[in-house]
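Reckoned from all heavy atoms, side chains included, excluding hydrogens, waters and symmetry mates.
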Amino acid sequence: MSKVYVVTGAGPVGWTVAEQLAEQGRQVRVLTRSGSGPEHELIERIRGDAKDPAVLRSVLAGAQAVFHCIHGSAYNASVWQAELPAAEQAVLDATQEVGAVVVFPESLYSYSEPDSVMAEGSPRRATGGKRGVRTALLRARAASATPTVSVVSGDFFGPRARIAHAGERMVAPILAGKNVSVVGSSRQPHSFTYVPDLASAMIAAADRPSAWNAVWHAPTGPALTQKELAQAFAAAAGRPSPKVRVLPGWALRAAGLFSGDARELAEMLYQFERPFVMDSAASEAALGVTPTPLETAVAATVDWWRQQG
């Protein structure tokens with residue numbers, strides 16, 4: 001049986017991983033509840049539940065690597081706790097039977113000393129809320145008998161990254177000639193990762209058994225302020241630099257007293273009120289990947305948004 005590459009989930013990361021694999025001539029299966037995913041002659045889209053052992057046994061037959069890219073159904077710690085550990089364990093158990101590696105996209109949430117530049121060796125012991133859930137997931141992967149790789153990224157931007165600080169909250173207003181609103185601060189350095197760079201690092205890690213059972217960083221360019229990133233998008237779009245308005249932390253925390261969504265967002269304000277910077281030099285050297293130049297990345301992002309009308 002020829003080797004295949006399985007992707008669970010078709011959000012920005014899963015979709016991009018599947019596209020890149022197919023463009024490299026690899027056979028891909030994409031598993032989602034809706035049967036969605038990129039259209040390509042080398043991509044088979046399968047409808048099913050990634051927690052169902054019977055579905056997983058069928059989809060994972062002949063798998064070389066599994067890219068587990070599903071999200072929680074809501075941006076909420078209790079929802080994550082209810083959904084994500086069970087889904088990951090089901091995939092880990094099924095993948096062990098076929099002898100493949102599971103590659104996970106990961107966030108910076110688990111880093112417990114975020115005021116320092118975060119590198120692969122930085123402590124990941126954050127507790128409570130969404131941060132604690134991510135820490136527990138990383139520990140479960142490390143304890144699994146199945147080979148795993150976790151590839152950490154900063155906040156997303158790029159094609160298909162709609163629900164993101166550098167997505168519909170930033171690119172869409174710029175293209176519409178409107179002001180941009182950001183949270184925390186517009187002047188603190190913050191690491192943003194281009195989604196195709198995360199996907200390329202995940203594939204590179206899957207191809208290198210020497211990189212398994214470790215946490216790596218997606219190739220990520222120099223940190224930018226939210227204002228600088230907005231200006232880069234505007235330049236790529238041929239628009240004037242937008243006025244960047246800031247929703248201060250105290251206002252978001254006050255709104256969190258009445259709004260669950262605001263409360264969940266306020267939990268992560270530490271990332272935007274102070275410098276929040278990751279370093280990917282070690283991973284770039286180990287995986288042979290580099291970040292896409294900013295001008296190229298923002299131009300591709302703007303082009304995708306324009307295609308959406």
Side-chain angles (χ1 to χ4, degrees), residues 7 10-24 38 67 69 103 105-108 117-119 151-176 180 182 186-205 216-242 244 271-272 275-309:
V7 180
V13 180
W15 191 292
T16 307
V17 168
E19 280 187 329
Q20 289 189 9
L21 287 167
E23 288 166 359
Q24 295 171 11
F67 299 87
C69 305
V103 185
E106 188 51 67
S107 70
L108 292 163
V117 174
M118 293 166 283
V151 183
V152 175
S153 76
D155 277 287
F156 292 158
F157 75 98
R160 303 192 174 279
R162 290 181 177 273
I163 304 175
H165 291 280
E168 63 185 8
R169 300 175 187 173
M170 185 174 289
V171 186
I174 288 171
L175 291 178
V180 170
V182 301
S186 65
R187 299 183 181 277
Q188 294 289 350
H190 188 95
S191 288
F192 291 92
T193 301
Y194 185 49
V195 172
D197 291 341
L198 169 60
S200 68
M202 291 173 66
I203 295 169
W216 299 102
H217 282 187
T220 300
L224 300 165
T225 68
Q226 294 186 88
K227 183 175 182 178
E228 288 171 336
L229 185 56
Q231 291 171 336
F233 282 129
R239 297 279 191 173
S241 292
V244 179
Q271 299 181 356
F272 293 96
F276 192 72
V277 181
M278 65 182 285
D279 178 270
S280 58
S283 295
E284 291 175 38
L287 302 178
V289 292
T290 55
T292 301
L294 180 63
E295 288 186 3
T296 303
V298 295
T301 303
V302 167
D303 182 61
W304 182 84
W305 276 92
R306 280 182 164 150
Q307 291 176 33
Q308 310 314 304

- Query: Do the two ring centres, one from Phe192 and one from Phe156, sit under 6.0 Å apart?
  - Reply: no
- Are Val103 and Val17 close enough, and set up right, to give a side chain to side chain contact (heavy atoms under 4.5 Å, CB included), and what steps lead you there? CA-CA 11 Å; Val103 185; Val17 168; over 6 Å; no
- Find out whether Phe67 and Leu21 are in side-chain contact, i.e. whether some heavy atom of one side chain is under 4.5 Å from a heavy atom of the other. yes
- Do the side chain of Arg239 and the main chain of Leu175 share a donor and acceptor less than 3.5 angstrom apart? yes
- Side-chain touch Val244/Gln226, heavy atoms, less than 4.5 angstrom: no
- Query: Of all residues at least two apart in sequence or in a different chain, which pass the side-chain hydrogen bond (donor to acceptor under 3.5 Å, both in side chains) check with Glu284?
  - Reply: Ser280
- For residues Gly154 and Thr193, report the shortest heavy-atom separation together with the two atoms involved. N-OG1, 2.8 Å
- Query: What pair of heavy atoms forms the shortest contact from Pro275 to Gln188, and how long is it?
  - Reply: CD-OE1, 3.1 Å
- Task: May I ask you to decide if the ring planes of Phe157 and Phe233 are parallel, tilted or perpendicular, using 30° and 60° as cut-offs?
- Result: perpendicular
- Task: Indicate yes or no: at least one non-hydrogen side-chain atom of His190 is less than 4.5 angstrom from one of Gln271.
- Result: yes
- For side chain to side chain contact (heavy atoms under 4.5 Å, CB included), just list the numbers for Ile203 and Gln20, CA-CA rounded to whole Å, side-chain angles, deciding distance to a tenth of an Å, and then say yes or no. CA-CA 9 Å; Ile203 295 169; Gln20 289 189 9; 3.7 Å; yes
- Query: Within the distance-only criterion (no hydrogens, no angle test), does the side chain of Arg306 pair as donor or acceptor with the backbone N or O of Ala237 below 3.5 angstrom?
  - Reply: yes
- Query: If you take all heavy atoms of His217 and Met118, which pair is closest and at what distance?
  - Reply: CE1-O, 3.2 Å
- Message: Between His165 and Met170, does the side chain to side chain contact (heavy atoms under 4.5 Å, CB included) criterion hold? Intermediate values first, please.
- Response: CA-CA 7 Å; His165 291 280; Met170 185 174 289; over 6 Å; no
- Query: If you take all heavy atoms of Val180 and Pro173, which pair is closest and at what distance?
  - Reply: CG2-CB, 4.3 Å
Below 3.5 Å, can you tabulate the donor-acceptor pairs from side chains in residues 285-301 to any protein atom, sequence neighbours excluded?
| from | atom 1 | to | atom 2 | distance (Å) |
| --- | --- | --- | --- | --- |
| Thr292 | OG1 | Asp197 | OD1 | 2.7 |
| Thr292 | OG1 | Asp197 | OD2 | 3.4 |
| Thr301 | OG1 | Ala297 | O | 2.8 |

- Nearest heavy-atom pair of Met202 and Cys69: which atoms, and what distance? CE-SG, 4.0 Å
- Message: Please give me the minimum heavy-atom distance between Ile174 and Ala230, naming the atom from each residue.
- Response: CD1-O, 3.4 Å
